[in-house]
Amino acid sequence: ILEAGPLRQIWSTFYVNTNGIIFVIDSSDRDNIQKVRKEIDNIIHNESLRYGAFLFIANKQDIENCLTTKELINEL
């Protein structure tokens, strides 16, 4: 799901002059939450986003057995 394709490799070039990032998390995908954590870590430590705002959206909260908001906070 989080394969590092060609577009992902150039994401950082889009961060220049960016004021914020909206990051949507699939809260039903428990298996990949550590990959999401690593991706977020890479993004928030990018120098171009030093003063940027971040909005995290927990998608798919209506699916049975999804990660709760509290679980997402603890995992991420």
Side-chain angles (χ1 to χ4, degrees):
I1 188 169
L2 289 172
E3 301 302 320
L7 184 58
R8 177 161 283 136
Q9 294 171 4
I10 63 167
W11 273 4
S12 61
T13 62
F14 295 111
Y15 299 158
V16 177
N17 297 318
T18 296
N19 295 320
I21 297 286
I22 299 171
F23 196 99
V24 180
I25 301 165
D26 181 349
S27 57
S28 71
D29 190 1
R30 291 178 174 271
D31 296 336
N32 286 308
I33 197 66
Q34 291 308 310
K35 289 180 183 179
V36 172
R37 180 181 182 174
K38 288 178 185 177
E39 191 69 38
I40 290 172
D41 192 52
N42 288 335
I43 293 170
I44 65 173
H45 287 99
N46 187 292
E47 184 65 27
S48 296
L49 296 171
R50 178 182 234 179
Y51 301 106
F54 293 88
L55 172 64
F56 297 97
I57 298 174
N59 196 18
K60 300 185 182 177
Q61 287 287 294
D62 58 327
I63 293 178
E64 189 174 327
N65 199 32
C66 70
L67 288 156
T68 66
T69 303
K70 187 173 183 173
E71 288 175 313
L72 283 168
I73 290 168
N74 289 335
E75 291 290 332
L76 303 175

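Just so it is clear, the structure is predicted and the values come from calculations on it, not from any experiment.
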Task: Glu47 side chain near Arg50 side chain, heavy-atom distance below 4.5 Å - done: yes
TODO: Taking the side chain as every heavy atom from C-beta outward, state whether Ile40 and Phe54 have any pair of such atoms under 4.5 Å apart.
DONE: no
Open item on the list: Among residues at least two apart in sequence or on other chains, which ones pass side chain to side chain donor-acceptor pair (under 3.5 Å) with Asp41?
Closed with: His45
TODO: For Glu75 and Arg37, work out which heavy atoms get closest and say how close.
DONE: O-CD, 3.3 Å
Task: Connected-component partners of Val24 among ILVMFWY, side-chain separation under 4.5 Å - done: Ile22, Leu55, Ile57
TODO: Give me the other members of the hydrophobic cluster that Tyr51 sits in, counting Ile, Leu, Val, Met, Phe, Trp and Tyr linked by side-chain heavy atoms under 4.5 Å, directly or via other members.
DONE: none
Measuring from atom [atom1] of [X] to atom [atom2] of [Y], what distance do you get when rounded to the nearest 0.5 angstrom?
X	Y	atom1	atom2	result
Ile33	Lys35	CD1	NZ	12.0 Å
Leu76	Ile44	CG	CD1	10.0 Å
Ile21	Tyr15	CD1	OH	5.5 Å

Show the atom names and distances, to 0.1 Å, of all donor-acceptor pairs under 3.5 Å that link a side chain in residues 62-72 to residues at least two apart or in another chain.
unit_1: Thr68; atom_1: OG1; unit_2: Glu71; atom_2: N; d: 3.1
unit_1: Thr68; atom_1: OG1; unit_2: Glu71; atom_2: OE1; d: 3.4
unit_1: Glu71; atom_1: OE1; unit_2: Arg30; atom_2: NH2; d: 3.2
unit_1: Glu71; atom_1: OE1; unit_2: Thr68; atom_2: N; d: 2.7

Task: Listed once per pair and sorted, the salt bridge (Lys or Arg N to Asp or Glu O under 4.0 Å) pairs that draw on residues 51-61, sequence neighbours left out - done: Asp26-Lys60
